[in-house]
Every structure is written in structure tokens, then in C-alpha cells.
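All ligand and atom numbering here is 1-based and tracks the order in the structure. What you see below is based on every heavy atom in this structure, not just the backbone, and it leaves out hydrogens, waters and symmetry mates.
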Amino acid sequence: MNRLWVRLALAFVLVTISGVGIFGLLANWSASQAFSTYIARQEAFLSSGDLDVLAAYYTTHQSWEGVGAAVPGPGGPGRGAGRNRPTLLIADASGTVVFDEANARVGTPLSTDERARTISVIVDGAIVGYVVFEIPAGTTTTFTPTQQAFLNQLQLALAIAGLIALVIGIGLGVIISRSLAAPLARTAAAAHAFADRDWAQRAPVSGADEIADVARAFNTMADSLQTAETARRNLMADIAHELRTPLTVMQGNLRALLDGVYPLEAAEIANLYDETRLLSRLVDDLRELALADAGRLSLQSREVDLGGLLGQAGAQFAAAADAQGVRLDVRAAPARVRGDPDRIAQALRNLIANALRHTPAEGTISVHTEPLMGSVRVTVADTGEGIPPEVLGHVFERFYRADKSRARASGGTGLGLAITKAWVEVMGGRVGVESEVGRGSHFWFELPAV
Ligand code: ADP
């Protein structure tokens with residue numbers, strides 16, 4: 001009962017049968033309606049004395065000429081009323097129409113059917129004329145044997161039509177539901193397979209627009225779930241890898257110290273200490289990203305003067321830039337944005353530290369702000385090595401390093417840009433980069449202006 005084809009077939013059959021039924025009822029009703037007005041007018045005519053008026057007219061005039069004036073006026077007895085009001089005809093003794101209310105039949109003979117229904121006008125025992133009520137054209141009366149037979153036939157035809165509707169309805173229900181339900185069933189099968197971790201499973205897009213839309217929506221959802229699943233697996237592998245490297249180094253060094261291979265000196269212990277710092281930075285960074293993902297990064301959002309932050313960052317990196325022979329040019333124009341000052345300062349430090357790491361001696365790093373529509377852009381531009389176009393789209397991804405060995409040796413976790421992006425986005429801003437190999441990179445972030 002709950003199957004699509006059964007419901008569709010029932011719907012088709014119901015609609016057709018009710019159509020046939022309503023048609024039959026209306027036909028019957030209109031026929032009996034016409035007949036009852038006919039009977040009503042005839043009876044009213046007979047009881048009104050109008051027949052005597054007509055007989056008197058004939059007696060006076062000895063002809064039917066001008067009888068129209070003697071016929072009862074509108075609304076008078078026997079006129080009947082309503083849309084299907086039967087028309088009054090008067091015929092002479094030979095059966096030729098001499099008066100017609102509708103003015104269409106004068107001069108024509110009465111039909112056989114009409115002759116059978118006449119009311120005779122009798123003067124001195126002789127029939128001088130006939131009165132007959134025409135049955136309105138276009139309506140069916142049911143009461144002569146031929147008409148009754150016709151009606152019976154009509155009812156039989158309607159019953160047969162109902163039966164045929166039943167068969168056609170069931171047939172159509174099966175055919176249409178098959179074509180509707182088959183693509184749905186395929187989408188359901190794909191969804192079950194996908195739930196069983198068959199990540200490559202997709203639904204075939206076919207059928208009516210709405211059903212094809214369901215398949216498309218499922219496929220889009222499957223795509224993003226598959227991407228998320230791949231990202232999750234990669235992240236797990238990356239984290240394991242990143243944790244293993246410093247641990248292996250520490251373990252090896254400790255073993256060597258224990259075995260007396262390395263002397264127990266402050267320099268060796270300082271190396272080990274550096275590795276633990278790298279580890280804890282990695283763990284802190286991962287925690288920041290996990291919080292940002294969960295939407296639980298706590299922000300102390302307020303009005304911040306970017307000029308001040310740029311000045312502080314410039315002062316912090318001045319010595320390192322000097323030592324590297326790089327010119328650090330900070331233009332700290334006042335610009336007010338909304339955000340968490342500590343996170344903005346850390347984002348700025350990440351970008352400047354990256355620029356220093358990738359800019360050789362004699363190079364320049366310039367840091368400046370630029371007011372835009374509704375926001376302020378901070379740009380850190382360097383004249384360093386630049387980033388190849390095929391890599392550019394990935395630098396904000398977690399654990400992405402263009403040059404793996406070098407970045408790691410210089411203390412990079414491959415998370416700095418990912419964290420910068422997460423912070424800036426949580427503050428309602430966005431990040432970006434333009435770069436050209438050999439000419440340098442422009443990293444920027446925008447924050448909502450106050
Ligand atoms: P890392 O800790 O390795 O620096 P980041 O997320 O900060 O990680 O940067 C990701 C990668 O983007 C870096 O490994 C580096 O290859 C590239 N990169 C970042 N900043 C610059 C820059 N200013 N010039 C060239 N390459 C850069």
C-alpha cells in the first residue's frame with residue numbers, strides 16, 4: 001500500500017472515476033431538470049384557464065391569425081420561468097404552427113414527437129388547434145422509450161469508461177512510478193554504499209528534474225565528505241610525522257648521552273631543550289587550529305590601532321633583520337580596526353618571520369597598511385625567493401612547506417600561515433598572497449575597519 005506505484009495507480013483511478021461519475025451525475029441532473037420544468041409549465045397551463053382563453057379567441061375570430069396578442073404575457077400563468085423554460089407553440093387543426101413564442105417555427109408542421117404530446121383546443125366538440133410545449137434544445141429528456149434507452153446506454157458507457165480507467169490507471173501507475181522510483185532507488189543504494197565507507201560511490205544523475213537534483217545534492221555532499229575525510233587522514237599522518245621527527249632526534253641524542261657517545265655537556269642539553277621547545281610549539285599550534293575548527297577560539301575583540309602594532313613588530317624584528325643584512329621598512333600609519341590585538345600582533349609576527357626566513361641579505365621587507373572600503377589591509381612584502389605558482393595555492397594549508405627540509409631546519413612547523421588564516425577569518429577578515437619566483441612575495445590580511 002505504501003509503494004509508489006500503488007499510490008500513483010490509485011490516484012489515477014480516483015481522478016478518472018470521479019471525472020466519469022461527476023459527468024454522469026450532471027447529465028442525469030440536467031435531463032431531469034429540463035423535464036420537470038416542461039411538466040411544470042404544461043400543468044400550470046392546463047390549470048390556469050389559458051386553454052379556454054385560446055378557445056374563446058378562435059370562437060371570436062374563426063382563425064388563429066393574430067393569436068399572439070391573446071397568449072398570456074410574460075410572468076403570466078403557464079409561462080414558466082428559468083433558463084430552460086419550454087417554448088409554447090400553437091398549431092392549427094392541420095398541425096401547422098401558427099404561433100411560436102420563440103418566433104422560429106411559424107408555418108412549419110409539428111414533428112411526430114410533438115404531435116404525441118399536444119393539448120387539443122376544442123370548440124363545439126371539434127379540435128380547432130393544438131398547444132404544445134417545445135422541449136428546450138440541447139437538453140435530454142429521459143422519458144420517451146428511445147430516450148430512456150439512450151440514457152441506459154450512456155450509463156453503461158460510463159460504467160465501461162470507469163473500468164477502462166481502472167485498468168489504464170493501474171498501468172500508468174506502474175509505468176510512471178517505475179520511471180520515478182528507479183533513479184531514487186539507485187540514489188538510495190549509492191547512499192547505503194557510501195555509508196559503508198565506499199567513499200568513491202556516487203549516485204547516477206537521471207530521471208525527473210527534482211529527482212536528478214536529489215542525486216546531484218547527494219553527490220555534492222559525498223564530494224565534500226570525501227574531501228573532509230581525506231583531509232582528516234592526511235592531518236593525522238602529518239601530525240604523527242611532525243611529532244615523530246623531534247622525538248626521534250631527542251631519543252637518539254639521549255641514547256648517545258647515556259651510552260657515553262656524547263659527553264654530558266651544556267651544549268648537548270641545549271640541543272635537546274630546543275627540540276622540546278619545537279615540540280611544545282607544535283602542540284600549541286595544533287591546539288589553536290583545533291579550537292578555531294571547533295569555533296571555540298577565544299577572542300578579546302576590541303578597537304585596535306594597527307599603526308601601534310606595526311611599530312612594535314618593527315622594533316622586535318629590527319635586530320634580526322640587521323643581523324641578516326635585510327632592510328626592514330615599516331610604515332606605521334594610524335589605522336583603526338576591530339580585532340584581538342594579541343592575535344593580530346602574532347599574525348603580523350608570523351608574516352614578518354616568514355619574510356625574514358625567505359629573504360637573502362641585501363633584500364628588503366616592507367610592512368604597511370592601506371585603507372580599503374570597510375576594511376584595512378596590512379601587507380608584508382619581501383624581495384625574497386618568491387613562491388612558484390603551483391605552490392602558491394597551498395601555502396595556507398596545514399603542514400604545507402614548499403621546501404620541506406629547509407623550513408623544518410629553520411624551526412618552521414608548516415602551521416604558521418594556517419594559524420594566521422584561521423585567526424584573521426575568526427576576526428571577520430581574510431588573507432591572501434601574490435608572489436613571483438625570484439622577485440619576492442606579498443602576504444596580506446584585511447580586517448574590518450572601525
Ligand atoms: P613554516 O612554519 O614552514 O614557515 P608557514 O605556514 O609559515 O610554515 O609557511 C608555509 C610555507 O609557505 C613555507 O614552508 C614556505 O615554503 C612558504 N612561505 C611562507 N612565507 C614565505 C615567503 N615570505 N616567501 C617565500 N615562501 C614563503
Checklist entry - Is it the case that more than 12 heavy atoms not belonging to Glu434 sit under 6.0 Å from its CD atom? => result yes
Checklist entry - Considering distance alone, does some N or O of Gly414 sit under 3.5 Å from an N or O of ligand 1? => result yes
Checklist entry - Where does Asp382 meet ligand 1, judged by heavy-atom distances below 4.0 Å: at the side chain, the backbone, both, or neither? => result side chain
Item to check | Closest to atom 12 (O) of ligand 1 among Val395, Val380, Thr359 (heavy-atom distance) | outcome: Val395
Item to check | N/O separation below 3.5 Å, Gly386 to ligand 1 | outcome: no
Next on the checklist: Under 4.0 Å from a heavy atom of Ala355: which atoms of ligand 1 are those, numbered in the order shown and with their elements?
Outcome noted: 23 (N)
Checklist outcome for this item: Logged contact type for Ile387 with ligand 1, heavy-atom cut-off 4.0 Å, is side chain
Checklist outcome for this item: The single option from Leu351, Val330, Leu310 that satisfies side-chain contact (heavy atoms from CB on, under 4.5 Å) with Val380 is Leu351
Next on the checklist: Please list, in number order, the atoms of ligand 1 under 4.0 Å from a heavy atom of Leu417.
Outcome noted: 5 (P), 6 (O), 7 (O), 9 (O), 10 (C), 12 (O), 19 (C)
Checklist entry - Which heavy atom of Ser435 sits nearest a heavy atom of Ile387, and at what distance? => result OG-N, 2.8 Å
Checklist entry - Is Glu385 close to ligand 1, meaning an N/O of one under 3.5 Å from an N/O of the other? => result no
Checklist entry - Take atom NE2 in His394; do more than 12 heavy atoms of anything else shown fall under 6.0 Å from it? => result yes
Checklist outcome for this item: Check: of Phe399, Tyr400, Phe396, Phe443, min heavy-atom distance to atom 11 (C) of ligand 1 comes from Tyr400
Checklist entry - Which ligand 1 atoms are under 4.0 Å away from a heavy-atom of Ser441? => result 24 (N), 25 (C)
Checklist entry - Run the side chain to side chain contact (heavy atoms under 4.5 Å, CB included) check on Val376 and Leu372 step by step: do they pass? => result CA-CA 5 Å; Val376 180; Leu372 301 172; over 6 Å; no
Next on the checklist: For Leu417 and Asn350: C-alpha separation, side-chain torsions, deciding distance, then whether side chain to side chain contact (heavy atoms under 4.5 Å, CB included) applies.
Outcome noted: CA-CA 7 Å; Leu417 288 179; Asn350 284 354; 5.8 Å; no
Checklist entry - Can you name the one residue among Thr220, Asn219, Asp223 that meets side chain to side chain donor-acceptor pair (under 3.5 Å) with Arg202? => result Asp223
